[in-house]
Structure formats: C-alpha cells, structure tokens
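A note on names: the letters A, B, ... follow the listed sequences, proteins ahead of strands, and every chain is numbered from 1.
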Amino acid sequence: MEQIPDNIKHYLENIVKDTLKSTFNVETEVIFEETPKPDFGDYSSNFLFRLKKELSEPIQTVGDIITLEVMKKLQHIASEVSTQTGFLNIKLANKTLHNILRKINSEPQEYGKVNIGNNEYINLEFVSANPTGPLNVVSARAASVGDSLKRIMNNAGYKVESEFYSNNAGKQVENLVKSVKWWINKLKGIEEPFPQEGYKGEYLKDIAERALNENIKEEELPEFITETILNEQLETLKQFNVEYDHVIKETFIRKSKYPGLVLRILKEEKFLFFEDGATFFRTTDFGDTESRVIIRRDGTGTYFFYDLAYHLYKLQRGYDKLINILGPDHHGYIKRMEAGLTALGYPNRLKIIIVQQVSLLKNGEKIKMSKRAGQFYTLKQLLEEVGKDAARFFFLMRTTDAHLDFDIDLAKKIGKENPVYYVQYMHARSHSLLKHGEENNIVPKDNNLRLLSLPEERLLMRKLMYFPDTVEKATIRMEPHEIPRYLLQLADIFHNYYQKNRIVNPDKPELSAARLFLVLAVKNVTKRALDIIGVEAPEQM
RNA sequence: GCGCCCGUAGCUCAACAGGAUAGAGCAGUGGAUUUCUAAUCCACUGGUUGGGGGUUCGAGUCCCUCCGGGCGCGCCA
C-alpha cells in the first residue's frame with residue numbers, strides 16, 4: 001500500500017504553511033476545513049482572506065503562485081488545487097481515498113486516534129451527587145457527557161481518570177438522617193411532624209425498613225443510609241455503562257490532613273479575615289464578587305471549605321489538570337473555586353464544564369420535578385424506559401451548554417425518527433451485507449477500488465476520511481456532541497448509497513468485492529465512533 | 001438588582017477560529033418495495049437567524065443596546 005500521511009488535514013496545513021513561508025516569507029496558521037459542498041473539493045482554507053492586509057501583492061496573484069506550488073508538492077495525493085473563489089480548495093485524488101479505506105480496514109482500532117494529549121494526567125470528576133436520593137436526569141446527562149469525554153480524551157492521548165465525589169457529610173445529610181428516623185418511628189407507630197427540611201420520597205421508607213431489620217444503631221445510621229444510597233447510585237451508573245476509577249467520600253476528606261492544610265496555607269498567605277464570628281476567605285482578591293465563609297460561626301466548615309480541601313487532595317495526587325462537570329445550578333461556584341485554587345498555589349489547573357438542564361417530555365408535555373417534594377424522574381426509570389443506548393445518545397446530541405429537551409416517546413420509538421436506531425442500523429446493515437457477501441463467496445477486497453466510481457461512493461469515502469478530524473474537534477472543544485452528529489451524517493450517506501445500489505451481486509464479483517471493502521470501512525468507523533460514546537454497535541437488529 | 005445559559009423553519013436543534021447559496025431531523029404533502037433486514041430511500045413545502053445600531057472584504061457568529069425565556073445569587077451542598 002502506498003504511503004499516505006498520518007493525518008491528511010495536518011499534512012495539507014503544513015505544506016501550505018511552508019509554501020507561504022518559503023515563497024512570501026509570511027508566517028501564519030493555516031487551517032483546513034471540510035468544504036461546505038463537495039463541488040468545492042475536499043478541504044478548504046480561507047487564509048488568503050486573512051492575509052489580505054499583510055500581503056503586498058493582490059490575493060489573486062498570491063493565490064495563483066500558491067496554487068502552482070502546492071499542486072507540485074501534492075501531486076501524489078491531490079487531483080485539483082484552486083484559489084478561484086479566494087478560498088484555497090483541494091480535491092484529493094481518488095487513490096488517496098482508497099488508501100484511507102485500506103488504512104481503516106487494516107487497523108480499525110487505530111483509525112481516528114489523535115495525538116494531542118501528550119500523556120497529560122487528568123482527573124475528570126462528574127455526577128458527584130449527594131447521597132440523598134436516586135440520581136436525576138441532569139446527573140444522567142452529566143454521566144453521559146463525562147464518560148464520553150473520558151473516552152474521547154483517552155483516545156486523544158490523555159491519561160484520564162474518572163472520579164465520583166460523594167458529599168456524604170454536612171447539613172443535607174443531617175436532614176436526610178432526620179427524614180429516615182421519622183420513617184423508622186412511623187414504622188414503629190410513633191407519629192411525629194415531618195422534619196422541616198426533610199426529604200420526602202418513598203425510597204426512604206425502604207431504607208428505614210432495612211435499618212430496622214438489620215438492627216442498625218442510631219449512631220451508625222448516617223453511614224448506613226449514605227452508603228446504601230451511594231451504592232445504589234453507583235449501581236445505576238454501572239447499568240448506564242459508566243464506571244469510575246475513583247470514588248471519594250466527603251467524610252474521608254474531613255478526616256484527612258487536607259482541611260488543616262487549606263487553613264494553614266490561606267492563613268499564611270493572609271487571605272482570611274473574621275466577621276460576625278465566622279472565618280471568611282477573601283476570594284475577591286481573585287476576581288470573585290464577594291468573599292466566602294469557610295468556617296461558620298458555630299465552628300463548622302462550609303461545603304466550600306471541604307471542597308477546597310478535596311481539590312487540594314486531588315492536585316496533590318499528581319494530576320496536571322482537573323476537570324469538573326457540574327449541573328447548571330453550580331455556575332456561581334466557578335469563580336469561587338478558581339479563586340480558591342489560585343490562592344492555594346494552583347492557578348489555571350481547573351476546568352469546569354457546566355452541563356445545562358434537561359426537560360423531560362412525555363406525551364408532548366414537560367414532566368415537573370422537585371427533589372424535596374419527592375417528585376422526580378430518575379436515571380433508573382429512564383434506563384428502564386428507553387434503554388442505555390438511546391439515553392446516552394440523546395444526551396450527547398446537543399452541545400453541553402444548551403438546554404436539552406429529552407423526548408421520551410421519541411427515544412422509545414423504533415424507526416428513522418429515532419436517531420439511535422438510525423445509526424445502529426447502519427452498523428447492523430453493514431454486518432448483514434458482509435455476511436450476505438460471504439454466503440455468495442464474495443469477500444471484501446482492495447485490489448479493484450477504482451471500481452468505486454459513483455458519486456455516492458466518493459461521498460462516503462470522503463466522510464470516512466473526516467472521522468479523525470471530527471474526533472480531534474470533539475477533543476479540543478471538549479464537546480462529545482460532534483460524534484453523534486458525525487454518525488448521523490454518515491448514516492445518511494450510507495443508507496442512501498445502499499438504497500440506490502446493489503452491493504452484493506454475484507454477476508459482478510469484482511465490483512461487489514470492492515463495494516464490500518467500502519462497507520467494511522463504514523462498519524469499522526461506525527463501531528469506533530460508537531465505542532467513543534459508549535453506545536453498543538449491534539450486528540443484528 | 002447582579003451573574004450564567006439560551007433566542008435560528010410549525011416543533012427540536014446544527015452551522016467547526018467571523019467565510020462560499022443559513023443546514024438536518026420531526027411534523028405536513030406526494031412518490032419508491034417480486035429487497036442484500038422498508039428499522040430504508042427520493043421529491044416538495046417551510047427563514048427579515050428576537051428588534052435596533054456598530055466593527056469589516058465578509059456577521060447567526062464579535063461589540064453596544066433593547067426585548068423575551070430559563071437557572072443561580074445561603075454561615076445548604
């Protein structure tokens with residue numbers, strides 16, 4: 001097989017960049033993108049517009065010279081180079097596309113790997129709920145995004161470890177315990193008023209029953225309750241195809257040396273002051289809008305205080321970067337936490353991603369939810385109702401910072417309206433075609449790929465070529481939604497191709513073998529893409 | 001009042017660093033099936049990108065302003 005560059009896009013960029021330097025002595029970044037229309041070629045760049053002011057000659061003159069130079073250097077992989085419109089457009093030779101198919105099928109697992117992580121050691125924290133109840137759908141979205149991001153970044157050469165932080169201490173837990181005690185008493189026949197800030201919800205009754213049956217002592221109750229709920233949360237996440245490298249509990253942090261360490265550093269650096277009997281951390285020195293309490297008047301530490309300790313603990317474990325995926329109610333928290341870590345001597349080490357809220361739609365109406373009132377739709381219910389693949393896919397279809405409407409009825413549908421099936425069906429159909437070929441003694445072969453001469457075939461090959469670019473973009477933007485979008489576009493082209501053309505035709509074995517080679521590449525890339533977002537690639541549907 | 005997110009087709013959303021004629025899906029209408037799984041495909045209809053101003057070769061994208069929707073603003077977590 002002829003050598004093709006490891007990454008076509010970057011190869012083109014470097015060629016043009018070097019040409020600009022050697023011919024015009026101009027240093028600039030050149031970026032190639034997928035063309036908006038196939039007519040324009042396969043890759044295009046707008047650098048001529050950008051350089052307009054810097055260049056002494058008219059851009060068309062520059063364009064002509066660049067065209068000639070680039071054409072010379074690319075004659076082994078490109079068929080057309082043009083700057084007619086002001087954009088530099090490059091159309092790749094068909095044999096280049098063929099070589100990409102060969103590359104995909106010879107090492108499917110390697111295709112789409114990018115190298116921008118440089119082995120950077122990352123801690124990725126997501127979901128991190130209080131152990132006060134079942135996980136809700138915002139947690140589900142965070143889980144989907146977080147777990148996919150882990151896979152995406154590991155694919156890109158980062159070393160990512162995922163972490164779940166359980167806030168199993170503090171006032172909310174006290175309220176939780178009070179609520180369970182109320183149930184225990186009720187089961188014993190003792191009627192009391194329900195605790196003021198207690199948690200409603202039937203799941204606490206089950207826990208109360210178990211506590212009674214297992215004779216849990218009063219002082220063991222907090223741990224018993226929080227452990228029970230935490231384990232249920234983790235079990236549900238596991239069913240969602242999400243497993244963690246680390247689970248850290250707030251009780252552990254509270255007992256560790258880190259709270260003391262935080263206090264000492266802040267004190268030494270004179271970032272603390274006292275007011276109304278409480279200890280404040282002057283986060284305003286670091287861009288926060290107001291200073292924050294870390295030790296309350298009653299001497300107890302705030303959530304923020306222990307969270308600082310927790311983050312210090314994470315950093316001292318050796319991570320280069322921390323990424324937190326948080327729900328929409330935490331955006332006010334970003335400044336505070338960044339300020340805190342800067343004060344502790346770790347500036348610019350934390351990246352917070354806010355996942356926006358989710359509205360669930362059923363029968364065209366929004367489901368109302370309130371955790372305190374015990375009315376909510378849980379991740380567990382969602383899994384039972386729509387399945388993990390549909391759930392994961394749906395959560396990833398939008399950018400993380402946009403509100404998401406999750407249509408439960410749509411996710412349950414079987415058919416083209418449901419994007420998950422549309423994409424999975426592409427994989428199943430490829431598999432079935434290959435099997436059908438085998439039954440007719442036709443296997444994928446790469447010795448006659450020039451027979452792939454249809455426009456649809458070129459479109460398909462082109463799209464497969466863009467897969468590494470898509471993965472790279474998803475990594476850089478930290479936006480998993482690029483992957484589902486890519487899959488949907490690929491599925492469109494593939495189903496269209498299938499519909500119009502017979503793939504396996506015993507009368508034309510050569511053509512069939514070439515087409516099956518293309519189908520195999522589609523199958524391999526689909527599998528890779530689905531793996532990256534943690535969705536199953538079924539061979540039969 | 002302050003802060004964050006959003007406003008694009010009837011609905012749900014794209015548009016990658018500001019680029020080429022603003023694209024998909026759903027819904028609607030009309031068509032394709034002796035199949036390699038129709039869980040599919042094709043065509044048509046649908047837009048003053050919330051309003052106004054600015055920046056420039058070029059603005060859905062950047063800046064200003066107004067309007068509308070959501071969320072947050074605790075010595076809760």
Contact under 4.0 Å: A:Thr399 side-chain N or O vs B:rA14 OP1/OP2: yes
Phosphate OP1/OP2 of B:rC36 contacted by A:Arg502 side-chain N/O (<4.0 Å): yes
N/O (side chain, A:Arg296) to phosphate O (OP1/OP2, B:rA77) under 4.0 Å: yes
Geometric class of the A:Tyr333/A:His330 ring pair [parallel <30°, tilted 30-60°, perpendicular >60°]: perpendicular
Contact check, side chains of A:Ile408 and A:Leu361, non-hydrogen atoms, under 4.5 Å: no
Base B:rC16 to side chain A:Lys473, donor-acceptor N/O within 3.5 Å cut-off: yes
Test item: side-chain donor near acceptor, A:Ser44 and A:Thr35, under 3.5 Å: no
5'-most by nearest nucleotide on RNA chain B - A:Lys500 or A:His403: A:His403
Counterpart base for B:rU56, defined by Watson-Crick or G-U wobble contacts under 3.5 Å: none
Among B:rC75, B:rA14, B:rC4, the one nearest A:His331 by side-chain distance: B:rC4
Phosphate-side-chain proximity, A:His481 and B:rA15, N/O vs OP1/OP2 below 4.0 Å: yes
Heavy-atom donor-acceptor pair, A:Ser148 side chain to A:Ser144 backbone, under 3.5 Å: yes
Span that lies between the P atom of B:rG60 and that of B:rG53, in whole angstrom: 14 Å
Listed nucleotide nearest any side-chain atom of A:Asp405, set B:rU12, B:rG72, B:rC73: B:rU12
Residue A:Asn496, side-chain atoms from C-beta onward, closest of B:rC36, B:rC75, B:rC42: B:rC42
Watson-Crick or G-U wobble partner of B:rA32, both distances under 3.5 Å: B:rU40
Is there any protein nitrogen or oxygen under 3.5 Å from a nitrogen or oxygen in nucleotides 20-22 of chain B, and what are the pairs?
| residue | atom | partner | partner atom | Å |
| --- | --- | --- | --- | --- |
| B:rA20 | N6 | A:Ser44 | OG | 2.8 |
| B:rA20 | N6 | A:Asn89 | OD1 | 3.3 |
| B:rA20 | N1 | A:Asn89 | OD1 | 3.4 |
| B:rA20 | N1 | A:Asn89 | ND2 | 3.2 |
| B:rU21 | O4 | A:Lys37 | NZ | 3.2 |

Phosphate OP1/OP2 of B:rU37 contacted by A:Ser432 side-chain N/O (<4.0 Å): yes
Distance, P atom - from B:rA9 to B:rA14, rounded to whole angstrom: 12 Å
A:Asp329 vs A:Arg398, nearer the 5' end of RNA chain B by closest nucleotide: A:Arg398
Nucleotide of B:rC75, B:rG25, B:rA14 approaching A:Asp492 most closely (side-chain heavy atoms): B:rG25
Pair A:Tyr422, A:Asp492: side-chain N/O donor-acceptor within cut-off below 3.5 Å: yes
Donor-acceptor pair between A:Asn168 and A:Glu250 side chains, under 3.5 angstrom: no
Integer angstrom distance from the C1' of B:rG72 to that of B:rA77: 14 Å
Given B:rG70, B:rC36, B:rC57, the nucleotide with the shortest approach to the side chain of A:Gln357: B:rG70
Pairing partner (Watson-Crick or G-U wobble, both distances under 3.5 angstrom) of B:rC71: B:rG3
Parallel, tilted or perpendicular: ring planes of A:Phe87 versus A:Phe49, cut at 30 and 60 degrees: perpendicular
Base paired to B:rA27 (Watson-Crick or G-U; both N/O distances under 3.5 angstrom): none
Candidate nucleotides B:rA77, B:rA39, B:rC75, ranked by approach to the side chain of A:Asp276 - the nearest: B:rC75
Phosphate OP1/OP2 of B:rC41 contacted by A:Tyr422 side-chain N/O (<4.0 Å): yes
Validation row, ring centre A:Phe273 to ring centre A:Phe281 under 6.0 Å: no
